[in-house]
Amino acid sequence: MRKAIFPGSFDPITNGHLDILERSTPLFDEIVVAVLNNPDKQPMFSVEERCEMIREVLKGVKRDGCHLTVESFSGLTAEFARASGASAIVRGIRAVGDYEYELRMALMNRRLEPSIETVCLMAGEEYSYVSSTLTKQVFLLGGRVEGLIPELVIAKMREKLGKA
Ligand code: PNS
């Protein structure tokens with residue numbers, strides 16, 4: 001059984017993340033979308049809200065027979081991957097600027113768990129500039145984010161903004 005984790009902050013999940021996920025489903029039997037619970041950061045969405053949104057959004061993702069689940073985790077990604085029985089960590093690379101950060105993480109994670117490989121997939125070029133951070137910034141300043149994040153996430157962001 002080829003099992004991978006796809007870790008990230010996902011605050012919120014973007015269409016770029018979904019692009020990477022759809023590219024990785026043909027490669028694995030099971031992928032756990034692993035949502036980091038990072039108490040040091042002030043996220044827009046709680047970890048529970050992020051997991052719930054991702055579960056909804058995953059209903060529309062092309063699975064190719066791959067079993068997709070969503071879990072939150074705290075602490076080390078490599079440790080979570082090992083405890084989950086995964087043999088790979090999936091990450092996306094949008095442009096050359098991502099490479100150095102991903103390389104450092106992949107090498108550190110390999111040092112921590114030598115049996116787990118990081119698999120980096122190249123994002124579709126239409127998502128090469130899409131990030132959760134930029135999308136949130138644009139949304140909060142009233143810009144259009146349609147096509148960059150799922151509709152459901154935009155609705156949840158509007159709810160948040162209404163509440164704020
Ligand atoms: O979506 P992001 O913010 O790019 O994801 C980064 C993430 C969550 C993969 C990274 O910050 C991470 O792995 N954090 C968990 C703590 C950890 O394992 N740190 C060492 C990484 S080499």
Side-chain angles (χ1 to χ4, degrees), residues 2-25 27-28 30-58 61 66 68-140 145 148-150 152-154 156-157 160:
R2 296 160 308 160
K3 181 169 178 177
I5 66 162
F6 178 39
S9 308
F10 303 109
D11 186 44
I13 191 158
T14 68
N15 289 345
H17 290 127
L18 295 176
D19 172 69
I20 294 298
L21 202 53
E22 286 196 340
R23 288 175 195 281
S24 49
T25 50
L27 306 178
F28 298 99
E30 181 175 352
I31 301 175
V32 181
V33 180
V35 183
L36 178 66
N37 189 3
N38 185 350
D40 300 339
K41 272 196 182 174
Q42 263 301 340
M44 179 179 245
F45 293 102
S46 69
V47 72
E48 293 81 17
E49 287 172 321
R50 280 178 269 157
C51 288
E52 198 182 303
M53 275 192 289
I54 296 169
R55 284 194 189 100
E56 270 309 302
V57 164
L58 288 191
V61 163
C66 175
L68 291 177
T69 57
V70 183
E71 279 178 49
S72 62
F73 76 103
S74 306
L76 290 172
T77 294
E79 169 55 23
F80 178 74
R82 190 200 56 75
S84 305
S87 56
I89 296 171
V90 171
R91 292 285 293 170
I93 291 191
R94 290 165 295 192
V96 70
D98 285 339
Y99 175 74
E100 216 178 317
Y101 173 58
E102 294 301 330
L103 177 66
R104 278 187 278 126
M105 279 210 297
L107 294 178
M108 185 61 84
N109 284 331
R110 183 189 279 164
R111 182 189 164 94
L112 293 169
E113 287 297 337
S115 63
I116 296 173
E117 280 300 331
T118 296
V119 176
C120 285
L121 299 174
M122 306 308 138
E125 53 271 35
E126 64 273 41
Y127 301 114
S128 59
Y129 62 95
V130 178
S131 71
S132 303
T133 306
L134 265 190
T135 313
K136 273 187 293 194
Q137 194 180 92
V138 169
F139 177 84
L140 290 170
V145 291
L148 306 181
I149 49 178
L152 174 132
V153 175
I154 298 180
K156 295 280 179 201
M157 282 166 91
K160 280 264 166 207

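Counting starts at 1 for both ligands and their atoms, following the listed order.
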Original post:
Does D11 pair with K136 as a salt bridge, N-O distance under 4.0 Å?
Top reply: yes
Subject >> Intermediate values then yes/no, side chain to side chain contact (heavy atoms under 4.5 Å, CB included), F28 and V90 >> reply: CA-CA 10 Å; F28 298 99; V90 171; 3.7 Å; yes
**OP:** Indicate the ring-plane relationship of F6 and H17, choosing parallel, tilted or perpendicular according to the 30° and 60° boundaries.
**Re:** perpendicular
Subject >> Minimum side-chain heavy-atom gap S9-N38 below 4.5 Å >> reply: no
**OP:** Quick one: do R55 and E52 satisfy salt bridge (Lys or Arg N to Asp or Glu O under 4.0 Å)? Show the steps, please.
**Re:** CA-CA 5 Å; R55 284 194 189 100; E52 198 182 303; over 6 Å; no
**OP:** Tell me, please, which residues at least two apart from S131 pass side chain to side chain contact (heavy atoms under 4.5 Å, CB included).
**Re:** R94, T133, L134
Does ligand 1 have any N/O pairs with the protein under 3.5 Å, and how far apart?
{"unit_1": "ligand 1", "atom_1": "1 (O)", "unit_2": "S9", "atom_2": "N", "d": "3.0"}
{"unit_1": "ligand 1", "atom_1": "3 (O)", "unit_2": "S9", "atom_2": "OG", "d": "2.7"}
{"unit_1": "ligand 1", "atom_1": "4 (O)", "unit_2": "R91", "atom_2": "NH2", "d": "2.9"}
{"unit_1": "ligand 1", "atom_1": "5 (O)", "unit_2": "R91", "atom_2": "NH1", "d": "3.3"}
{"unit_1": "ligand 1", "atom_1": "13 (O)", "unit_2": "T77", "atom_2": "OG1", "d": "2.5"}
{"unit_1": "ligand 1", "atom_1": "18 (O)", "unit_2": "T77", "atom_2": "N", "d": "2.9"}

